[in-house]
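Below: one structure, written as structure tokens.
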Amino acid sequence: MKRLVLTLGLLAAVNCAAMADGNAFTPLDFNDTQYGNATQSVKTAPAASSAEGDAVGNGNIQNAILQLDNAQVDIRNDLLNCKTKYADVDAQYKLVKSERKALKKQVSTIEKRIKEIDRAKEKIRKNML
């Protein structure tokens, strides 16, 4: 359940970061003013916007990678906790299993003694008659 929540949270964070720049269909270097003004240089405006868009995109990617790294660390910690719990339960299981085996052997030994005593009593009764 925790993994699912972390995954959905990470997915939502990455999607929000991707859509934070605006409309998904608008190119990063789109500039309305360059088409209305004929004296403005077409090459300089897109280059400046592109560099700015790359910086924003790189920051978003770095944030996403950082969030993935944090999620991976959390999941590895969960794995370590699960392995520790598993080892504890496994040790308890082996201990209980060995105790059960010893008790079963003890019970069967006691049952055999009781049967032997019953047989001995029957022999004594037969000899008395």
Return all side-chain donor-acceptor pairs below 3.5 angstrom for residues 122-129, not counting sequence neighbours, or 'none' if the list is empty.
residue : atom : partner : partner atom : Å
E122    : OE2  : R125    : NH1          : 3.3
N127    : ND2  : K123    : O            : 3.3

Side chains of residues 87-105: which donor-acceptor pairs under 3.5 Å do they make with residues two or more places apart or in other chains?
residue : atom : partner : partner atom : Å
S98     : OG   : K94     : O            : 3.3
S98     : OG   : L95     : O            : 2.8

For residues 68-84, dump all side-chain donor-acceptor pairs below 3.5 Å to protein atoms at least two apart in sequence or in another chain.
residue : atom : partner : partner atom : Å
N70     : ND2  : L66     : O            : 3.4
N77     : ND2  : V73     : O            : 3.4
N81     : ND2  : N77     : O            : 3.4
T84     : OG1  : L80     : O            : 2.8

side-chain contact (heavy atoms from CB on, under 4.5 Å) partners of I110, counting only residues at least two apart |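 Once residues adjacent in sequence are excluded, the partners of I110 under the side-chain contact (heavy atoms from CB on, under 4.5 Å) criterion are Q106, I114.
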What's the verdict on side-chain contact (heavy atoms from CB on, under 4.5 Å) for L10 and L6, showing C-alpha distance, side-chain angles and the deciding distance?
-> CA-CA 6 Å; L10 181 63; L6 284 173; over 6 Å; no
